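Whatever order the structure lists them in is the order used to number ligands and atoms, beginning at 1. These figures come from a predicted structure and were not determined experimentally.
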Amino acid sequence: MPRSTSNGQCFFCKDSFSKQTIARHLNSCGQRVLTEKKSSGKKAQGKIFHLLVEGRYAPQYWMHLEVPASATLDDLDGFLRDIWLECCGHLSEFIIQGERYTSSSPFADADEIDGLSMGTELGEILQPKMKFSHDYDFGTTTHLTLKVVSEKEDQSASNDVQLLARNEPPTYPCYSCRKPATQICSQCAYEGTGLVCDDCASEHECGEDMFLPVVNSPRVGMCGYTGDEAAW
Ligand SMILES: [Zn+2]
Ligand SMILES: [Zn+2]
Ligand SMILES: [Zn+2]
Ligand SMILES: [Zn+2]
């Protein structure tokens, strides 16, 4: 998979910023101030963390999130699965300060799960500037790196994960004709000959069953991942 740096979009004002400058923008976005004023007015409810999540080996995929300290690792894992990861209910885990926190899965053997529980609240573990990791699927693994950008008092009463910003979909050339690729052959993805446009897909020798859509996620082309239908 060729790398490219990607710009991203602010969830509040929809403007585009580079990966390097968007964190600063999020601190001063006028539209965000207006949005958050509307939903606040209550007393502070506790702390809230600003997190940056990115693909460890695909840093062109990234998101800025806000997560209340009272949310659990399960809540964060669920959000990451919904927007970037979920294909067939694989196990996942966070590794934070050397400790493993493993998801529960109805498909997993109990003895496969040897980490701590994801029921732990973020506020019990996370500190500003802390870096940690998340792995989804212990077979065809998608590795993510997370960083606590900052923490502040939470003005909202919600326990939900809030998306602040996200990279715009990177475009990749078809390996054969260089037009923008729309599909990826999961068989050839690792040889660098997996990305194809619709025209060239019909001539690709692995057959249609091997194709996955090119989606805006670090899990693109892996296992059976077809993307988040609700993505913006
Ligand atoms: Zn903005
Ligand atoms: Zn899968
Ligand atoms: Zn092509
Ligand atoms: Zn192929």
Side-chain angles (χ1 to χ4, degrees), residues 1-40 48-54 58 60-67 79 83 87 139-140 142 147 149-150 152 154-156 158 160-227 231-232:
M1 177 79 45
R3 284 191 182 187
S4 60
T5 52
S6 49
N7 282 358
Q9 200 184 34
C10 169
F11 176 79
F12 302 97
C13 67
K14 310 292 185 208
D15 278 351
S16 183
F17 298 89
S18 73
K19 189 179 179 184
Q20 287 72 32
T21 59
I22 198 158
R24 206 173 340 131
H25 164 75
L26 285 169
N27 284 329
S28 60
C29 173
Q31 195 58 42
R32 183 183 182 190
V33 172
L34 287 176
T35 308
E36 292 187 345
K37 246 189 198 145
K38 259 182 235 158
S39 59
S40 73
I48 193 160
F49 294 111
H50 175 170
L51 303 181
L52 169 63
V53 194
E54 56 192 328
Q60 67 271 37
Y61 300 102
W62 51 266
M63 291 187 287
H64 285 268
L65 309 176
E66 214 167 50
V67 194
F79 182 89
I83 199 163
C87 51
T140 308
T142 301
K147 187 183 171 197
V149 178
S150 60
K152 64 176 189 184
D154 184 10
Q155 304 297 332
S156 76
S158 158
D160 294 346
V161 179
Q162 160 85 54
L163 184 60
L164 304 177
R166 177 180 188 176
N167 71 278
E168 287 159 2
T171 54
Y172 302 107
C174 168
Y175 83 92
S176 166
C177 74
R178 317 303 292 171
K179 274 192 291 192
T182 51
Q183 304 183 57
I184 183 164
C185 170
S186 52
Q187 196 104 299
C188 303
Y190 297 97
E191 269 98 75
T193 54
L195 286 157
V196 291
C197 69
D198 287 342
D199 292 340
C200 298
S202 54
E203 279 141 48
H204 189 84
E205 57 195 12
C206 299
E208 270 178 29
D209 291 351
M210 289 295 142
F211 283 118
L212 291 166
V214 172
V215 290
N216 189 12
S217 155
R219 194 156 176 79
V220 60
M222 295 169 82
C223 194
Y225 189 66
T226 55
W232 56 281

Atom CG of Asp209: over 12 foreign heavy atoms under 6.0 Å:
no
Does the pair Phe79 and Gln162 meet the rule for a side-chain contact (heavy atoms from CB on, under 4.5 Å), with working shown?
CA-CA 9 Å; Phe79 182 89; Gln162 160 85 54; over 6 Å; no
Relative to each other, are the rings of Phe17 and His25 parallel, tilted or perpendicular (30° and 60° limits)?
parallel
Determine, step by step, whether His204 and Tyr175 satisfy the side-chain contact (heavy atoms from CB on, under 4.5 Å) criterion, reporting the C-alpha distance in whole Å, the side-chain angles of both residues, the deciding distance to 0.1 Å, and the verdict.
CA-CA 11 Å; His204 189 84; Tyr175 83 92; 3.6 Å; yes
Could you tell me the angle subtended at the Zn ion (ligand 1) by SG of Cys10 and NE2 of His25, rounded to 10°?
110°
SG (Cys177) - the Zn ion (ligand 3) - SG (Cys197) angle, nearest 10°
100°
With rounding to 10 degrees, Cys206 SG, the Zn ion (ligand 4) and His204 NE2 define an angle of 110°
Degrees at the Zn ion (ligand 4) between the SG atom of Cys188 and the SG atom of Cys185, nearest 10°
120°
